[in-house]
There are 2 protein chains.
Amino acid sequence: MADDRLSLVFSALADPTRRDIVARLATGDATVNELAEPYEVTVQAVSKHIKVLQDAGLVSRSRDAQRRPCHLEAEVFDLMTQWIERYRREAEDRFRRLDALLEEVGDQPAGTTATTEAAS
Amino acid sequence: MADDRLSLVFSALADPTRRDIVARLATGDATVNELAEPYEVTVQAVSKHIKVLQDAGLVSRSRDAQRRPCHLEAEVFDLMTQWIERYRREAEDRFRRLDALLEEVGDQPAGTTATTEAAS
DNA sequence: TCCATATTCAACCGGTTGGTTAAATACCCT
DNA sequence: AGGGTATTTAACCAACCGGTTGAATATGGA
């Protein structure tokens, strides 16, 4: 379920180990064995993580003898930032309009209207 | 497992229905019943989705009689964009350095060194 | 008080996920 | 051919996820 590109990318990055792998690939290509070394999990588990990242388009592989180095495909990040920025902008614009409206009416200062109960 | 903030946010947005809810909340606050209306799923399912978004800090609730309107907390987006931009920048910098090195050596034009095999 | 509305909680179900171990595959080297 | 290294596949398992139905809770209004 949820096999569209954006879902795959967000889902892939929802795991801290995979985010860590991405972080390390940002500094340079690496093989599965190299990537697996710092973790306690087996190399097979890391291989699965790489597959998830690959299916999301975040990682590509090449071949070098037995090794299959992983390469970070950073362009995919654009897909996320575009989505995020779009709705952030919409929300901020709406907030600005509300703010201006309150200013105009001469109500209480903005941001004190509702009990927000945000998560800790 | 994976209960850190960034994991919760990415995980929350990995579901298309939840992304859609976020998109709609960007245009204005809404109740669970209002949000559930366009979907085929039950209102309980949507309530669960809201809970996930709330745990991730993406949504806050207020009270208005029986209604508990949902409000988008767009600041959380910053957490993601900061993470994304950091590693994108690292990867791009590395690419630029490699590019410059190849230029210096007088090798082939950049981007033609490895078989990338990227996902479709 | 009684009823309608809005929302959540509880229990359940099938599919997915992240991990394991064991076996298979792919490639290099002598 | 045979052995070593790198990696993937297969089968399995417990936990989680998104959905359901049914019951509970909370609030407003007649």
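Within every chain, numbering begins at 1; the chains are lettered A, B, ... in the order of the sequence lines, protein sequences first and strands thereafter. Note that the structure is predicted; figures quoted are calculated from it, not measured.
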field: All salt bridge (charged side-chain N to carboxylate O under 4.0 Å, His left out) counterparts of A:Glu85, not counting sequence neighbours
entry: A:Arg88

- line: Residues passing the salt bridge (charged side-chain N to carboxylate O under 4.0 Å, His left out) test with A:Asp20, sequence neighbours excluded, are none

Non-neighbouring partners of B:Asp4 that pass side-chain hydrogen bond (donor to acceptor under 3.5 Å, both in side chains), sequence neighbours left out: A:Arg19, B:Ser7

statement: Residues at least two apart in sequence or cross-chain that pass salt bridge (charged side-chain N to carboxylate O under 4.0 Å, His left out) with B:Arg89, listed by chain then number, are none

field: Residues from residues 24-43 of chain A lying under 4.0 Å of DNA chain C - heavy atoms
entry: A:Val41, A:Thr42

query: Under the side chain to side chain contact (heavy atoms under 4.5 Å, CB included) test, which residues partner A:Gln66, sequence neighbours left out?
result: none

- prompt: Does C:dT17 have OP1 or OP2 sitting under 4.0 Å from an N or O in the side chain of A:Arg18?
  reply: no

query: Using the ring of each side chain (for Trp, its six-membered ring), is B:Phe10 parallel, tilted or perpendicular to A:Phe10, with breaks at 30° and 60°?
result: tilted

For A:Arg94, side chain to side chain contact (heavy atoms under 4.5 Å, CB included) partners two or more places apart: A:Arg97, B:Asp29, B:His71

field: Contacts of A:Arg96 that satisfy side-chain hydrogen bond (donor to acceptor under 3.5 Å, both in side chains) - sequence neighbours left out
entry: A:Asp93

All salt bridge (charged side-chain N to carboxylate O under 4.0 Å, His left out) counterparts of A:Arg24, not counting sequence neighbours: none

Qualifying salt bridge (Lys or Arg N to Asp or Glu O under 4.0 Å) pairs, either residue in residues 34-43 of chain A, two or more places apart: none

field: Under 4.0 Å protein heavy-atom contacts per nucleotide of nucleotides 22-30 of chain D, with B for base, S for backbone only and - for none
entry: B----BS--

message: If you take any heavy atom closer than 4.0 Å to DNA chain D, which residues from residues 45-53 of chain B end up in contact?
response: B:Ala45, B:Lys48, B:His49

message: Output the rounded distance in Å from CG (A:Leu13) to C1' (C:dT17).
response: 16 Å

query: Is any side-chain N or O of A:Arg61 closer than 4.0 Å to OP1 or OP2 of D:dT8?
result: yes

